[in-house]
Structures are given as structure tokens and as C-alpha cells.
Colleague: 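One structure, as C-alpha cells, below. Some questions next.
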2 protein chains.
Amino acid sequence: MSDRLIYLPLGGSGEIGMNAYVYGYGPQDKERLILVDIGVAFSDMDTSPGVDLIFADIRWLEENKDRLEAVFITHGHEDHIGAVGHYWAKLGVPVYARAFTANLARHKLADRGQPEEVVRTVSAWPEVTEAGPFNVGFLPVSHSIPESAALVIDSPAGRVIHSGDFKLDETPLVGEPFDPELWKDVSKDGVKALICDSTNVFSPHEGRSEASVGPEIEALVAAAPHMVVATTFASNVARVKTLAEAGQRAGRSICLMGRAMRRMIEAAITTGVLSDFPKVVSPEDAATIPRENLMLLVTGSQGEHRAASAQLARGKYNGITLKDGDLFLFSSKTIPGNEKGVIRIINQFSEMGVDVVDDSSGKYHVSGHANRPDLQRLHDIVNPQMVIPNHGEHRHLREHAKLANESGRASIVAVNGTMLDLTGNEPKVTGYVETGRVYLDGAVQIGALDGIVRDRLRMAMNGHVTVNVLLDEDDEPLGDAWVELKGLPEIGRSDAPLVDVLEEDLTQFLGRAGEKTLRDDDKIEGELRRIARNTARDEIGKKPEVTIIVSRLS
Amino acid sequence: MSDRLIYLPLGGSGEIGMNAYVYGYGPQDKERLILVDIGVAFSDMDTSPGVDLIFADIRWLEENKDRLEAVFITHGHEDHIGAVGHYWAKLGVPVYARAFTANLARHKLADRGQPEEVVRTVSAWPEVTEAGPFNVGFLPVSHSIPESAALVIDSPAGRVIHSGDFKLDETPLVGEPFDPELWKDVSKDGVKALICDSTNVFSPHEGRSEASVGPEIEALVAAAPHMVVATTFASNVARVKTLAEAGQRAGRSICLMGRAMRRMIEAAITTGVLSDFPKVVSPEDAATIPRENLMLLVTGSQGEHRAASAQLARGKYNGITLKDGDLFLFSSKTIPGNEKGVIRIINQFSEMGVDVVDDSSGKYHVSGHANRPDLQRLHDIVNPQMVIPNHGEHRHLREHAKLANESGRASIVAVNGTMLDLTGNEPKVTGYVETGRVYLDGAVQIGALDGIVRDRLRMAMNGHVTVNVLLDEDDEPLGDAWVELKGLPEIGRSDAPLVDVLEEDLTQFLGRAGEKTLRDDDKIEGELRRIARNTARDEIGKKPEVTIIVSRLS
């Protein structure tokens with residue numbers, strides 16, 4: 001059997017988040033494998049209440065661990081690096097990344113008690129790392145975090161370029177500009193496949209450079225009469241720098257607030273990515289500086305409840321309180337699903353008299369992803385045989401595949417679990433692998449379909465009733481049924497306490513139940529549950545979740 | 001004591017939704033009252049899981065029911081009319097509305113078993129209705145539902161205009177165009193206060209007419225090769241008509257799907273608001289028509305799980321299944337908070353190969369609310385002494401007040417519960433009334449702060465543990481503690497079933513607990529709860545909600 005080159009997204013294709021892509025080369029089912037990125041997604045109340053983080057289900061990779069050579073991480077965003085600490089023990093192979101990303105990865109491993117030394121720092125292209133049949137190089141590309149890289153993945157089947165998250169920014173302020181000549185050179189001998197970021201395929205206009213927001217922010221900060229607070233993603237080091245410089249030019253002291261903000265800037269300075277960052281003052285010192293001479297750069301651009309911005313909106317953070325006439329700038333875009341949290345903060349600031357400026361004008365934020373014409377431009381530069389869209393929901397992947405087809409390039413929508421054979425002239429589906437989501441729930445990893453979160457959602461919708469029944473040695477009811485409610489109204493339609501009505505109906509049932517029923521745990525539980533739900537429906541118009549406890553003295 | 005004119009928002013000021021505004025005239029605390037609008041807001045998983053509808057808390061009005069003269073409803077949107085069936089019995093006064101709105105109100109009263117005849121149909125200005133010291137007229141204004149009206153509220157203290165929801169559309173297709181001459185005429189003798197819709201105060205450009213979307217939609221539908229499906233708010237009768245006419249011109253049969261869509265169009269035809277609506281076919285007949293000759297107009301523009309659009313996205317509705325190459329048009333805007341539901345549908349359609357067109361181009365939808373320059377224009381036409389912003393979150397009200405101030409008009413941010421005295425030359429806060437939200441939860445109305453929904457949210461985040469303990473006649477434990485879990489992982493850190501670990505820890509406690517503890521229900525419950533939560537935290541990293549049942553044989 002001849003060798004083949006395969007591609008298998010385990011996460012990130014069919015959603016934006018929890019990226020995890022497998023490449024393999026070798027004889028069928030014996031391909032040697034590498035993993036590109038190992039990220040997380042975030043929970044929400046609608047689908048995953050109480051869940052701390054969401055990972056791709058990598059069971060297939062665990063089962064084929066002996067074939068895995070290495071993990072390569074394109075950049076330091078949580079949706080690409082976030083699971084490295086949680087999953088490394090299951091993979092047990094070296095993790096390769098550029099210096100800044102490697103610094104973050106080591107922190108993540110240390111946080112989970114894993115060995116930091118498994119992270120190997122590599123330099124940018126033309127350096128390459130051998131991993132089984134692969135040679136992998138980190139090709140610099142601009143994005144909203146320093147040292148983002150596309151991967152040049154060479155195997156005997158040819159060259160594949162995995163774009164990673166990118167935009168075509170020739171003046172990114174921090175990190176390497178997009179270098180079309182370098183990309184042309186890398187692509188000149190033919191590229192088999194471009195696996196390509198699809199996030200902004202619906203944005204019709206050419207993307208704007210990070211450099212375009214600086215002057216706008218400077219003008220805004222310079223004109224502000226009182227305190228200025230700005231938020232953005234902490235990992236957007238270039239933006240944090242732009243914000244800090246705008247503050248500095250306006251004669252303000254800069255204070256970083258929020259753990260992620262401080263950690264990220266530290267990592268950027270430590271690894272040499274960031275230089276000439278304005279001097280910062282501590283939160284303690286900030287509290288003593290006149291408000292009009294101060295600018296805070298804070299975490300929480302997505303309205304996260306515990307982040308600095310939300311705490312400031314609720315009243316106080318690190319001893320600082322915002323006041324009438326202060327300015328709060330969201331130098332960020334709200335990710336779909338986070339709108340309500342962000343709007344809540346804006347209204348809280350409004351109540352304080354704080355003027356909030358967001359990105360609706362388009363002046364204070366630019367995206368880190370390539371828009372439709374930029375994608376087209378990259379396709380044309382790389383000129384691959386095939387374009388495989390990744391990093392997108394189904395609608396993004398489909399649109400991106402159409403875009404590629406329009407220029408006569410082969411393409412396909414391959415969602416998580418779809419294994420593609422890239423050996424030929426066009427991608428071929430060669431199988432499907434079971435994938436899905438794993439929830440980190442407190443300290444435990446659970447499957448998204450285990451029913452655990454489903455039960456929580458049901459309790460949230462329907463409330464919960466506990467029914468307790470005592471049976472004596474002869475299986476005769478001992479006393480009345482006992483009911484406890486949680487998350488349910490106390491009084492129903494009959495104007496009596498719901499607990500009383502339920503206990504009466506359940507006790508009546510016990511009185512008339514036959515011996516056979518009373519002796520049978522399943523039967524009695526089933527009946528009690530049915531009665532509890534029906535009585536509740538009659539009384540309060542909803543059927544609660546029910547836990548039945550039958551205690552037998554026998 | 002002299003008479004005064006008061007204004008008191010009970011809902012709708014400090015949020016978009018559940019509008020309810022009180023006006024009063026007379027001696028202090030004896031003012032005769034009218035209520036303008038009585039709407040609902042909608043629940044979400046983040047704050048109100050399982051809640052069916054949200055109403056303004058109108059306790060103050062119930063307590064002052066003897067002073068209430070009438071309810072006036074400006075238009076038929078749910079956030080203005082939705083609570084009329086639920087609340088009418090608490091108010092017991094006539095409900096005045098124009099014909100189309102009255103038709104909807106009667107349905108709502110009938111749905112709740114209330115008398116339909118309390119709804120009185122009134123004609124537009126110059127007809128006025130006397131209600132105690134007030135004369136109230138319905139001044140036609142354009143909006144995204146037929147027969148919207150501003151209210152002209154005359155009292156001995158002068159004329160007040162309550163804008164209701166509006167836009168300045170001189171070609172609205174259905175319903176009366178905005179008539180600046182009429183508004184000038186009504187305002188010519190001086191207007192004391194304009195209480196004014198703030199929804200779109202952050203939209204910087206002049207609003208566009210409903211007439212502008214027709215040609216775009218026609219071009220889109222005419223070019224579609226297969227089936228076309230379009231969704232919009234059912235109550236946007238003008239849009240539904242535009243969509244239907246576009247379909248008709250393209251030679252397609254029109255089919256309305258979803259109860260709200262059919263009910264709304266029926267009401268519009270019955271009340272004479274809508275004429276020349278294209279002939280429609282039934283869903284049964286639609287299934288027999290060639291796909292390329294069919295256009296469906298469906299409910300569910302906000303991604304509502306049970307609406308027609310979501311059901312089509314999941315597979316089938318009324319016997320119809322969408323296919324590769326069909327077109328689905330969102331002729332609507334996604335309301336903040338609904339993004340994820342809408343995106344889910346778009347991705348499901350993408351998987352089917354259905355091409356989805358939404359409003360991102362700005363071509364297929366226009367807002368029903370006045371933008372900032374339109375607000376300015378209305379201020380200038382009415383030229384009131386004061387502008388009181390309503391229908392908005394705090395940020396909207398504040399911005400709208402600033403806008404009014406810029407033209408030298410008195411203004412104030414008055415959120416729900418703020419009673420304003422409008423008698424003088426500028427608004428004065430004259431007191432605060434307790435307000436809030438009432439949840440319709442199944443069949444029961446509960447207070448938002450009753451703790452019921454809070455308990456449900458906690459169960460959703462933390463899961464639930466039931467602990468059952470049996471004590472004999474001497475208060476000695478009888479057997480082991482018994483634990484049931486809901487919404488929690490089965491296995492924790494010690495690799496044993498969580499139930500077993502909990503039962504062991506709780507049983508150990510029972511073994512060592514003193515007589516005094518075992519005899520005291522509060523004490524034993526407190527200890528069991530503490531142990532259950534701590535053991536769970538150690539095992540699974542989260543502290544669940546706990547229900548304790550101590551059964552005593554004594």
C-alpha cells in the first residue's frame with residue numbers, strides 16, 4: 001500500500017474555537033502524525049452552564065498516541081494553546097512554538113503541574129523541525145498577537161501550508177509584518193494545499209492595518225478631560241502598546257489592571273517581542289495620581305464578570321472608582337454571544353456618568369483576521385492545488401470553499417472528524433472519526449453528551465423537586481410523603497403551598513398503592529415521579545425535575 | 001395644594017422592553033392616572049431560565065387602582081401590548097387602542113379568559129378620549145407595525161406628546177406616512193413635554209424608508225433559482241407585504257408559515273390596514289407546488305427554537321424540507337442576545353447547502369425606530385419645553401437627554417420608578433416608586449428577586465445533591481447516609497464514584513456526631529450540607545446545591 005498524506009480537524013472546523021488539527025503521512029492507518037494547535041472554547045449559559053472550559057474530544061489521537069510525533073502551536077491565543085496544560089499528559093510528545101508562544105505554553109503547563117521543558121522554542125522560517133516524515137517551519141504572519149506563524153509542513157507528498165490565524169498587515173506595530181515576497185518564495189515550487197483561516201470570509205472589504213487605529217486613539221485620549229480607561233484583549237500586545245503610547249503622549253501615567261494584562265505584557269517583554277513599552281505605575285500608585293493624568297489599561301473587553309472592566313462598572317477595582325466625565329474605551333469587537341455582558345457594563349458606566357466609546361465608529365479597533373479580498377490575495381500568492389478552509393463555523397467554511405472554487409482551485413468543507421486524503425490532486429474524504437466536545441467542569445473532564453449538563457439545563461428550566469418516602473419492614477408507608485422544592489414557586493393555582501398539594505397527592509397514592517407496587521422500587525419511583533410532575537403541571541404549569549428517595553426499614 | 005402633572009415609568013426606561021408609563025394629574029398623591037402601554041420583555045438563560053414572559057412590576061398601580069382611569073396602547077408590539085391579558089384583571093379599566101391594535105388586544109384578553117369588550121377602538125387624531133382630567137388623542141406615526149400612534153395627552157397643565165415607537169417614514173407602504181404638517185399643527189400652541197423613543201439614538205445617519213427595501217428584495221427573489229424562504233417579524237406587516245409582492249412578481253406562490261405570521265396578516269386584513277395582499281396558498285398546497293415557483297414567509301427571525309425558521313433548519317416544517325441551492329432571507333435585524341440562536345440556524349442551513357442572506361449588506365432591512373438625526377428633527381418640529389427620553393437602556397436615555405440639551409431643551413434621565421413632576425418649566429424628580437420585574441413562570445407570577453430563579457441558576461452552575469438520613473426513635477442514625485446526584489460528574493479525583501465518597505464522608509460524620517447535634521434538625525442539616533459541599537469541592541472542584549432530608553422515626 002502506498003503512503004498518503006492526511007488531514008483531520010478534531011476541533012475548530014465547524015466552530016470558531018478549540019482548534020486542533022492532525023496531519024499524517026505514511027501507509028494507511030499507520031500514518032505518523034503531528035498535531036497543530038490544542039485550544040479551548042468557552043462555555044455559555046445556553047448550552048454549558050457551570051462549565052469552566054471546553055476542549056476538543058481527542059480520543060482518536062489518544063488511541064493513536066504511539067503514532068504522534070509532536071505538537072506545533074501557531075500562536076498564543078486561548079483557542080489555539082489553551083488546552084496544552086490539560087491535554088499534554090495524554091499526548092506525551094514535544095511541543096514546538098516560537099519564543100513568545102512557548103513562554104505562554106510553559107506557564108500553562110506549569111499551572112497544571114506538567115513539565116515545562118517539553119516545550120521547545122523554535123525560530124522562524126527557514127528553521128525547520130523534523131517530526132517523523134514531516135519537516136515543519138514557522139512562517140511569520142501578522143495577527144492580533146505577537147509571533148503568529150503559519151506552518152510550512154513538508155512531507156514526501158509535497159508542501160502544505162497551514163495558515164494559522166492571520167491578516168495581511170504590513171505595518172502591524174508589534175511583531176513581523178506580512179511579507180509577501182517571503183510567502184511567494186516559500187510557495188514558488190508549488191504548494192499542494194493551503195489550510196486556511198475562514199473567520200472573516202464574510203467581510204467584503206480589504207482589512208485595515210493595526211497602524212490605522214493609533215492616530216484615532218491618540219486623538220480621543222488627548223481630548224479626554226478626566227480619567228481614561230481602555231480595554232482590549234490582553235494578548236493584543238500591539239493594541240495595548242498603541243493605547244499605552246496614546247496615554248503617554250497625552251501626559252498620562254499608564255497602569256495595567258487585570259492579571260492577564262500584566263502577564264501578557266511581561267511575556268512580551270521577557271521574550272523580546274515588545275520593547276519601548278511606556279513605563280507603567282502600579283495600581284497602588286495609580287490611586288494617588290490625579291485622575292486627569294491617568295490612563296488604565298484593563299482586562300474584560302468581552303464583559304467577563306470577574307474582569308477588571310466589569311468590576312469597575314460595578315464600583316471599584318484596585319482602589320479605583322470611575323466618575324462622571326471619565327472616558328471608557330472598548331478598543332475591541334464584541335464576540336457573538338457576549339453582547340449582553342458588554343451592554344450591561346456600558347449601562348452601568350452610563351449610570352455613573354462615564355462616557356463609553358466602542359467600536360461602532362470603526363475607528364478604534366481592527367480585526368486580526370483576513371477579510372475576503374485578503375483571503376483571495378493569499379490564495380493567489382500561495383497558489384495551492386487545493387484550499388481547505390478551517391477556523392470557522394460551517395457557514396464560513398462553505399463560503400471560503402466557494403471563494404476558492406471561483407478561482408478554479410479545488411476545495412472542500414471538512415468539519416471536525418472528517419479525514420481528508422490530500423495525496424492526489426484534490427482533497428478526498430477518506431473517513432470519519434468520532435469527535436465532539438469535552439467539558440472541564442470544576443476539576444473533572446466530562447463528555448458534552450454525558451447527560452450531566454443536560455440535567456443541569458433541565459433543572460434551570462424546570463426547577464427541582466425532591467420526594468422522600470419511608471416504607472416499613474412490611475413495605476407499608478410510614479407517615480406521609482415528604483417534598484422539598486428548589487427553584488419553584490411556593491404557591492400554585494389552588495392557592496395552597498405547592499409542597500402541601502404535592503405531599504397530599506403523593507401520600508394519597510401511597511395509601512391506595514398495592515403491595516406489588518410498594519415492593520417494587522422501580523415501580524413506586526416511576527409512579528411518584530409521574531404524580532409529582534403532573535401535580536406540579538396542574539398547579540404551576542411546569543413539570544419539574546424530580547429526585548425520588550424511597551427509604552426502606554426492611 | 002395645587003394640582004400637578006406627573007410622569008412615572010414603571011417599565012421601559014432603563015431597558016428596551018416591557019413598556020408601562022403612568023401619567024397623572026391632580027393634587028399630590030391624588031392625581032388621576034392613565035397608563036400608556038403594558039408590554040412584556042423576554043427571558044434568557046443567563047438571567048431567567050425557564051421563565052415564559054417578563055412583566056413590569058405594577059404593584060404601585062394596583063395599590064392606586066382607584067385612581068386609574070384608563071389604559072392607552074400605542075401599538076401592537078409585544079413590548080407594548082403583551083401583558084394586557086395577564087394584567088387587565090388587576091387594573092379593571094377600559095383599554096383604548098386603534099382598530100388594528102385593538103384587534104390584537106382583544107385576542108390577548110380572550111387568550112387569558114378576560115372580557116374582550118373592555119377594549120375600545122378609537123380613531124386617529126383629531127378624535128380624543130376623555131379619561132379623568134386627560135384628553136388623549138392617537139396621532140398617527142410610522143413604525144414597523146401598522147397604526148402606530150403617538151399620544152397627544154392634554155391636561156390642565158398643558159399638552160404632552162408621548163411619541164411611542166416611531167420613525168419618520170413618509171413612504172411606509174402600509175399604514176400612514178409620517179406627516180410633518182400634522183405634527184407641526186398639533187404642536188403649534190406649545191408642547192410642555194415630548195416623551196420620546198430613544199432606541200436608535202446611537203445610529204448617526206438619517207433613517208431609511210420602508211420603501212427602500214422593496215426593489216432590493218425583488219431583485220434578490222427574482223434571481224433565485226430554487227425555493228425562496230424569507231423571515232421577518234410577523235408584525236412588520238409592511239415588510240411581509242413587500243416580501244409577498246416580490247415573490248408574486250417573480251411568479252411564485254406565497255405561503256405563510258407560523259401561527260404569528262398568519263394571525264398578524266389576518267388581523268391586518270380584517271381591520272382594513274392591509275389590502276391587496278397577494279393570494280396565499282396553504283402549507284398543504286405549498287408542498288405540491290414546484291420549488292422554484294414557491295416562496296415561504298415564515299416566523300422565527302430571531303432564531304426562536306420553536307418557530308418555523310428553526311424547524312426548517314432542523315429538517316422539516318409543514319411537510320417542507322429545504323435543499324441545496326434554496327435561498328433563505330433574514331429580512332430583519334438580530335436583537336442583541338439572540339445572535340447565537342440565529343447563527344445556529346444559519347449554520348444548519350449552510351449544512352443543507354441553503355444560501356442564507358442576512359442584513360449585513362444593509363439592503364434587506366430597515367429599522368422601525370428614529371435615528372439620531374430623526375430624533376433631532378422631531379424635537380425641532382414639536383419644539384417642546386422638555387424632552388423626556390424613554391424606551392431605552394440607561395445609555396440610550398442618557399445620550400438622548402444630551403441630544404436634547406444640545407438644543408437648549410430641558411431633559412432628564414428618568415429610569416423606571418422615577419416620578420417626575422412636569423408642571424413647571426423643567427422636569428423635577430418628585431419621588432421614587434418601587435418597581436422591578438415580575439416573571440411569568442409556567443402558570444405562576446413570581447418576583448424576579450424571590451430567589452426562585454436564583455436557585456435554578458445555581459443548580460445550572462453547580463448541580464444538585466440530595467442527602468437523605470434516617471434517624472431512629474433514639475435519634476440514632478439508622479443505616480448510612482444516602483446520596484443522589486443530578487447534573488454532576490459520576491467520578492471525582494479519587495477515582496471512586498462521587499456518590500460513594502459523599503456517602504462515606506456523611507456516614508462517618510453521623511457516626512461521630514454527638515447526641516445534641518443529632519437531636520437538632522438545623523444543626524444536623526447544616527453539618528451535612530457543609531460536608532457534602534466540601535467533599536464535592538475536593539472531589540470534583542465544585543460546590544453543588546444541596547437538599548437535605550432528615551427522616552425521623554420518632
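Note: hydrogens, waters and symmetry copies are ignored here, and every other heavy atom, side chains too, is used. In what follows, every chain begins at residue 1, and chains take the letters A, B, ... in the order their sequences are listed.
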Colleague: What I'd like to find out is whether the side chain of A:Val444 reaches to under 4.5 Å of the side chain of B:Ile491, using heavy atoms alone.
Modeller: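 Side chain of A:Val444 against side chain of B:Ile491, heavy atoms only: no contact under 4.5 Å found.
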Colleague: Nearest 0.5 Å please: distance from the CG atom of A:Asn347 over to the CD atom of B:Glu15.
Modeller: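 If we round to the nearest 0.5 Å, A:Asn347:CG and B:Glu15:CD are 10.5 Å apart.
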Colleague: By a 4.5 Å heavy-atom criterion (distance strictly below it), what part of A:Gln348 contacts chain B: side chain, backbone, both, or neither?
Modeller: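 Neither part; nothing is under 4.5 Å.
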Colleague: Heavy-atom distances under 4.5 Å only: say whether B:Glu539 touches chain A with side chain, backbone, both or neither.
Modeller: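 Interface part for B:Glu539: backbone (N, CA, C, O).
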Colleague: Calculate, to the nearest 0.5 Å, the distance between atoms CD and CD1 belonging to B:Glu393 and A:Ile343 respectively.
Modeller: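 Rounded to the nearest 0.5 Å, the CD-CD1 separation comes to 5.5 Å.
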Colleague: Got a list of side-chain donor-acceptor pairs under 3.5 Å for residues 480-489 of chain A, not counting sequence neighbours?
Modeller:
from, atom 1, to, atom 2, distance (Å)
A:Trp482, NE1, A:Glu484, OE2, 3.2
A:Lys486, NZ, B:Val546, O, 3.4

Colleague: Please rank A:Gly14, A:Gly50, A:Gly451 by heavy-atom pairs under 4.5 Å with chain B and give me the top one.
Modeller: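 Ranked by heavy-atom pairs under 4.5 Å with chain B, first place is A:Gly50.
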Colleague: Measuring from B:Asp441:CG to A:Met461:CE, what's the distance to the nearest 0.5 Å?
Modeller: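 Atom-to-atom, B:Asp441:CG and A:Met461:CE are 9.5 Å apart.
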Colleague: If the threshold is 4.0 Å, N to carboxylate O, is there a salt bridge linking A:Asp44 and B:Lys340?
Modeller: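 Answer for the salt bridge query: yes.
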Colleague: Can you tell me how far OG of A:Ser48 sits from CE of B:Met45, rounded to the nearest 0.5 angstrom?
Modeller: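 The distance works out to 10.0 Å.
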Colleague: Go through A:Pro336, A:Gly337, A:Gly353, A:Pro204 and name the one with the most non-hydrogen pairs under 4.5 angstrom from chain B.
Modeller: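 Winner by heavy-atom pair count: A:Gly353.
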Colleague: List for me each residue that meets ring pair (Phe, Tyr, Trp, His ring centres under 6.0 Å) alongside B:His400, sequence neighbours excluded, and say none if there are none.
Modeller: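 By the ring pair (Phe, Tyr, Trp, His ring centres under 6.0 Å) rule, B:His400 matches B:His379.
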Colleague: Hey, are the side chains of B:Arg398 and A:Glu351 touching, using non-hydrogen atoms and a 4.5 Å cut-off?
Modeller: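 They are not in contact (no side-chain heavy atoms under 4.5 Å apart), so the answer is no.
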Colleague: Which side-chain hydrogen bond (donor to acceptor under 3.5 Å, both in side chains) pairs, counting each pair once, include a residue from residues 459-468 of chain B, with sequence neighbours left out?
Modeller: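 Those involving residues 459-468 of chain B are A:Ser551-B:Asn468, B:Asn462-B:Glu545, B:His464-B:Thr547.
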Colleague: Heavy-atom pairs under 4.5 Å with chain A are the metric here; pick the option from B:Leu470, B:Asp472, B:Ile446 that has the most.
Modeller: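 It is B:Leu470.
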Colleague: Run the salt-bridge test on B:Arg395 and A:Asp355 with the 4.0 Å N-O cut-off and return the result as yes or no.
Modeller: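 Judged by the 4.0 Å cut-off on N to carboxylate O distance, B:Arg395 and A:Asp355 do not form a salt bridge.
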Colleague: Which pair of non-hydrogen atoms, one from A:His394 and one from B:Ser350, has the smallest distance, and what is that distance?
Modeller: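 Looks like ND1-OG, 2.6 Å.
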Colleague: Heavy-atom distance under 4.5 Å to chain A: side chain of B:Val354, backbone, both or neither?
Modeller: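 Just the backbone, heavy atoms under 4.5 Å.
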Colleague: Quick check for you: among A:Thr334, A:Ile549, A:Leu397, which has the greatest number of heavy-atom pairs under 4.5 Å with chain B?
Modeller: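 Ranked by contacts with chain B, first place is A:Ile549.
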Colleague: Below 4.5 Å from any heavy atom of chain B, which atoms of A:Ile540 appear? Answer side chain, backbone, both or neither.
Modeller: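 The answer is both parts of A:Ile540.
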Colleague: Just give me the residue among B:Gly442, B:Gly541, B:Gly479, B:Ala443 that pairs up with chain A most often, heavy atom to heavy atom, under 4.5 Å.
Modeller: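 When all of B:Gly442, B:Gly541, B:Gly479, B:Ala443 are compared, B:Ala443 has the most.
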Colleague: Could you grab the distance from atom CZ of A:Phe202 to atom CD1 of B:Ile346, nearest 0.5 Å is fine?
Modeller: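 Answer for the CZ-CD1 pair, A:Phe202 versus B:Ile346, is 8.0 Å.
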Colleague: Spell out the residues in residues 453-460 of chain B that have some non-hydrogen atom less than 4.5 Å away from a non-hydrogen atom of chain A, in order of number; otherwise answer 'none'.
Modeller: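 Counting heavy atoms that sit under 4.5 Å from chain A, the residues of residues 453-460 of chain B involved are B:Asp455, B:Arg456, B:Leu457, B:Met459, B:Ala460.
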